[in-house]
Amino acid sequence: MKKVFLMLVAAGAMTFVSCDNKPKANAEEVVEEVTLTQEEADAEADNYIASLTDILDNTKDVNKLQEVLEAVKAKAAEYVGLNPEIAKVFVAKVQNFLKEKGDVVKGLIGNNLAATAAFAALTEAPAETIVSGFMSAAADKVGDVVDGAKEAVEGAADAAAGAVEDAKNAAADKVNETVDAAKEKAAEAVDGAADAAKKKLGL
């Protein structure tokens, strides 16, 4: 029995040591910060310009042109959230190309309203103004989310208060019903006792 006990103690000690030697996980998670460099933005602008050049010189596809212009707008909005100054340079670079090729672009667009709107959104205002517009839109979106959250919280609070009030009223009604029933039974008991007493007295 003593040997078995010693063996168990030894096994426990070995387990403890082996567990202690395992690498410990960090208590804090490492959050990778998303950054944007001017080189990355320039390379992205060059890619879009290359796509636009291919469309204007080769494919002549107005729908594809619109897709690329919309993609540029989306990328600019994304860059605004990371670095507004770099976003301005990105927009300006694509904008300068579009202005240089303005006649060719307009000739391809023709009466396509969606492509016309996308082209105008990137060329009719300075890059700084376009970026400012994206920043305002982002701020409005955040404001809408905050307002929506506030309304949801207030609605939940009102619903909870209403539920509590309903529960209180229901409980009060139940108490009143119980009291009324008890009164009725008490009255019946009194009447019964009175009738019984009368019978005994021969009344």
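- Asp61 pairs by the side chain to side chain donor-acceptor pair (under 3.5 Å) definition with nothing, not counting sequence neighbours.
- Counting heavy atoms from C-beta on, the side chains of Glu44 and Tyr79 come closer than 4.5 Å.
- The two residues Thr37 and Ile86 come nearest to each other via the heavy atoms C-CD1, 3.8 Å.
- Counting heavy atoms from C-beta on, the side chains of Met135 and Val80 come closer than 4.5 Å.
- Within the 4.5 Å cutoff, the side chain of Glu40 has no heavy atoms near those of the Thr35 side chain.
- Expressed to the nearest 0.5 Å, how far CZ of Phe90 lies from CG of Leu36 amounts to 9.5 Å.
- Looking only at atom types and distance, the side chain of Gln38 has a donor-acceptor partner in the side chain of Asp42 under 3.5 Å away.
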For residues 102-116, run the donor-acceptor check on the side chains, cut-off 3.5 Å, and write out each pair with its distance to 0.1 Å, sequence neighbours left out.
residue, atom, partner, partner atom, Å
Asn112, OD1, Ala114, N, 3.2
Asn112, OD1, Ala115, N, 2.9
Thr116, OG1, Asn112, O, 2.7

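- Rounding to the nearest 0.5 Å places OG1 of Thr129 at 9.5 Å from NZ of Lys88.
- The two atoms that bring Ala71 and Tyr48 nearest to each other are O-OH, 3.6 Å, heavy atoms only.
- Judged as a side chain to side chain donor-acceptor pair (under 3.5 Å), and not counting sequence neighbours, Asn83 has no contacts.
- Residue Leu122 forms a side chain to side chain contact (heavy atoms under 4.5 Å, CB included) with just one option from Lys99, Lys73, Gln95, and that option is Lys73.
- Rounded to the nearest 0.5 Å, atoms CG (Asn96) and NZ (Lys101) are 13.5 Å apart.
- Rounding to the nearest 0.5 Å gives a distance of 6.0 Å between CZ of Phe119 and CG of Leu98.
- Val72 has its side chain out of reach of Val91: every pair of non-hydrogen atoms, C-beta onward, lies at least 4.5 Å apart.
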